[in-house]
Amino acid sequence: MSEKEITTRQNLHFDELWAYDPAPESPDYVKIEEKYDLFIDGRFQEPESGRYLRTVNPSNETVLAQVAEAGKKDVDKAVTAARKAYDGAWSKMAAKERGKYLFRIARLLQERAREFAIIESMDCGKPIRESRDIDIPQVIAHFFYHAGWADKLEYAFPGYRPRPLGVAGQIIPWNFPLLMAAWKIAPALAAGNTVVIKPAETTPLTALKLAELIRDAGLPPGVVNIVTGAGQTGIEIVNHPGIDKLAFTGSTEVGKLIQKAVAGTDKKYTLELGGKAANIVFDDAPVEQAVEGIVNGIFFNQGHVCCAGSRLLVQEGVADELVYKLKMRMESLIVGDPLDKNTDIGAINSKDQLDRILGFLAEGVEGDQKIYQSKCDLPEKGYWCRPTLVENVSQSHRIVQEEVFGPVLSIQTFRTPAEAVTLANNSPYGLSGGVWTDKGSKIFKIGKGIRAGVIWANTFNKFDPTSPFGGYKESGIGREGGIHGLLPYLELSQ
Ligand code: NAP
Ligand code: MG
């Protein structure tokens, strides 16, 4: 199909058939303070430096709140409080009681789910449909799941005596702010550790709301400490001698710095880093279903997903049909107000990230590569990127090798299953991958061949607290979720 035909159908699609009236969630429902302090030892405390950073709503560039910047002394206070709580109330408490706190946090989150979803969408830019239907339900599921493990750890590791490590230092990114906090806090507490956690500078609000909720849940002071700030606050956590275990999610670049910093110390660590997943579509796959999976894999959440299916590999026989249908689907995606229930793609999380994506599209697209972007309107204020397809790419191009972390998809074709596996594995990353085919045997063969921590078959980006998640190669070390995710927070003796 020619581009002209797509444009004609797009106009018909939007102007006559698929125009929606706005249906925004009301932010009046939530209360965001003007200023937030650090949550240390069970109460909010001013930072020693008196310095605060601003957090912004990326969909309209308004300042949502001033948030404390934790320095070396604040991090030290937090680690000291976590150690005191670990040596005191937390390790003396029966495991069954520890589990009850996690259940209580999960139930309080259930009661306040709508409020958390709205704040997440305002601070992060992700569509409310996603924060309401994916992030917050997953957060709750993580606390429930790990609550159940607290008094059953010896059954998880039969023949061993599991013991907590002590104080966990945790650093998380901005793409799934509360979900990453849950992935970190829930297993650490279930295993009997205490926590000092740092949210990302641009998305601290749901973590600070969680601090209020943790206080309301009556958790002993110091068990969870939440220190906001920027990269330097993360460095202070990494270098603090009182930290027993580090858990980091973010870029491969910072992950490598952390590895160097802990080398030669007895700190344990897990790293969840970048990805460049191949989503492989065979010619026997249900094409419409695959198109939905591709869209879900790269365009939803603005492509701000480490396991995003950012490389599409299509078998030659179905390539033309699939690319045409994908372009049609892209034209129907609604980019705009994250609080609107009809929105498919929200705001890019920060100006820096938008510049990075646009810079990539300007400089990273080489030779005769072709960019296709949907023609949707974009709001005037805020940070936005249209869903983007890059065609005519080859394996050595930057767009295929590097993580863009935006709604940008590259397309390559292949002939044989072996070629698909070779292309998929030709990457420094190994976090996730997808296979679309009618044949179960092909799913197993390809799934085994791809060197990545998670492989989805005829679906994409599905999560569950019971399944381990994590990468090979430069995508990280260790697993989160399931029994595998409890292990890095425990010491096993016989
Ligand atoms: P990042 O710079 O690695 O940040 C992740 C977390 O580490 C943030 O809390 C960050 O603080 C903190 N941090 C920054 N520098 C640090 C340092 N030297 N030592 C300790 N902590 C430090 O990642 P980002 O800026 O959020 O995103 C950049 C890239 O990371 C993306 O383009 C993508 O490639 C990757 N990423 C991967 C994932 C994933 O889940 N695997 C998630 C998000 C991003 P501040 O943010 O407050 O500066
Ligand atoms: Mg923000």
Side-chain angles (χ1 to χ4, degrees), residues 32 53-67 69-70 75 119-126 169-177 179-181 183-184 197-208 226-240 243 246-262 269-277 301-308 310 338 346-357 359-360 382-383 402-406 408 428-429 431-432 453 463 469-471 474-476 480:
I32 298 175
L53 302 165
R54 299 179 322 170
T55 187
V56 168
N57 181 335
S59 71
N60 56 23
E61 300 173 50
T62 55
V63 175
L64 292 167
Q66 307 284 331
V67 177
E69 183 180 11
V75 169
I119 296 176
E120 196 74 302
S121 282
M122 290 171 76
D123 201 18
C124 175
K126 66 172 64 200
Q170 309 180 318
I171 300 169
I172 54 173
W174 43 262
N175 55 344
F176 290 90
L179 185 53
M180 288 302 109
W183 277 29
K184 297 279 181 284
I197 186 167
K198 186 197 102 63
E201 179 185 353
T202 55
T203 54
L205 292 185
T206 43
L208 290 161
I226 299 181
V227 288
T228 46
Q232 188 57 40
T233 308
I235 292 176
E236 301 301 349
I237 293 177
V238 171
N239 291 336
H240 197 291
I243 296 285
L246 276 164
F248 172 79
T249 299
S251 60
T252 296
E253 188 190 346
V254 174
K256 286 179 182 176
L257 292 177
I258 291 177
Q259 254 183 335
K260 279 188 194 143
V262 299
Y269 65 95
T270 42
L271 305 172
E272 300 288 351
L273 311 175
K276 193 74 193 176
N301 202 23
Q302 303 70 249
H304 294 341
V305 187
C306 48
C307 51
S310 52
I348 300 298
N349 178 253
S350 64
K351 170 124 187 10
D352 280 356
Q353 187 61 20
L354 178 63
D355 289 345
R356 205 177 307 182
I357 297 167
F360 210 99
Y383 315 128
E402 296 177 27
E403 191 183 36
V404 182
F405 227 63
V408 179
Y429 297 110
L431 193 53
S432 62
F463 298 96
F469 181 89
E474 295 201 12
S475 288
E480 292 187 309

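As the structure lists them, so they are numbered: ligands from 1, and atoms in each ligand from 1. Small disclaimer: the values here were computed from a predicted structure and weren't measured.
- For a distance bound of 2.8 Å, the N, O or S atoms of L64 include none lying that close to the Mg ion (ligand 2).
- To the nearest 10 degrees, the Mg ion (ligand 2) sees OG1 of T55 and O of D123 at an angle of 140°.
- Distance check for T202 against the Mg ion (ligand 2): an N/O/S atom falls below 2.8 Å.
- A heavy-atom distance below 4.5 Å is not found between the side chains of W183 and I172.
- Looking at V75, V227, I243 one by one, the single match for side chain to side chain contact (heavy atoms under 4.5 Å, CB included) with E236 turns out to be V75.
- Panel note: side chain H304, backbone F405; a donor-acceptor pair is recorded below 3.5 Å.
- Salt bridge annotation for E474-K256: present, with a cationic side-chain nitrogen under 4.0 angstrom from a carboxylate oxygen.
- Looking at T62 and N60, their side chains do bring a donor and an acceptor atom within 3.5 Å of each other.
- Taking both residues in full, the closest heavy atoms of P177 and T203 are given as CG-CB, 3.5 Å, listed atom of the first, atom of the second, then distance.
- Between D352 and R356, none of the side-chain N atoms (NZ, or NE/NH1/NH2) sits under 4.0 Å from a carboxylate O, so this pair counts as no salt bridge.
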Distance dump, ligand 1 polar atoms to protein, N/O, under 3.5 Å:
residue  : atom   : partner : partner atom : Å
ligand 1 : 3 (O)  : S251    : N            : 2.8
ligand 1 : 3 (O)  : S251    : OG           : 2.6
ligand 1 : 9 (O)  : I172    : O            : 2.8
ligand 1 : 9 (O)  : K198    : NZ           : 3.2
ligand 1 : 11 (O) : K198    : NZ           : 3.0
ligand 1 : 26 (O) : W174    : NE1          : 2.6
ligand 1 : 30 (O) : S251    : N            : 3.3
ligand 1 : 32 (O) : R356    : NH1          : 3.3
ligand 1 : 34 (O) : E403    : OE1          : 2.2
ligand 1 : 41 (N) : L273    : O            : 2.4
ligand 1 : 47 (O) : K198    : NZ           : 2.9
ligand 1 : 47 (O) : E201    : N            : 2.7
ligand 1 : 47 (O) : G229    : O            : 3.3
ligand 1 : 48 (O) : G231    : N            : 3.3

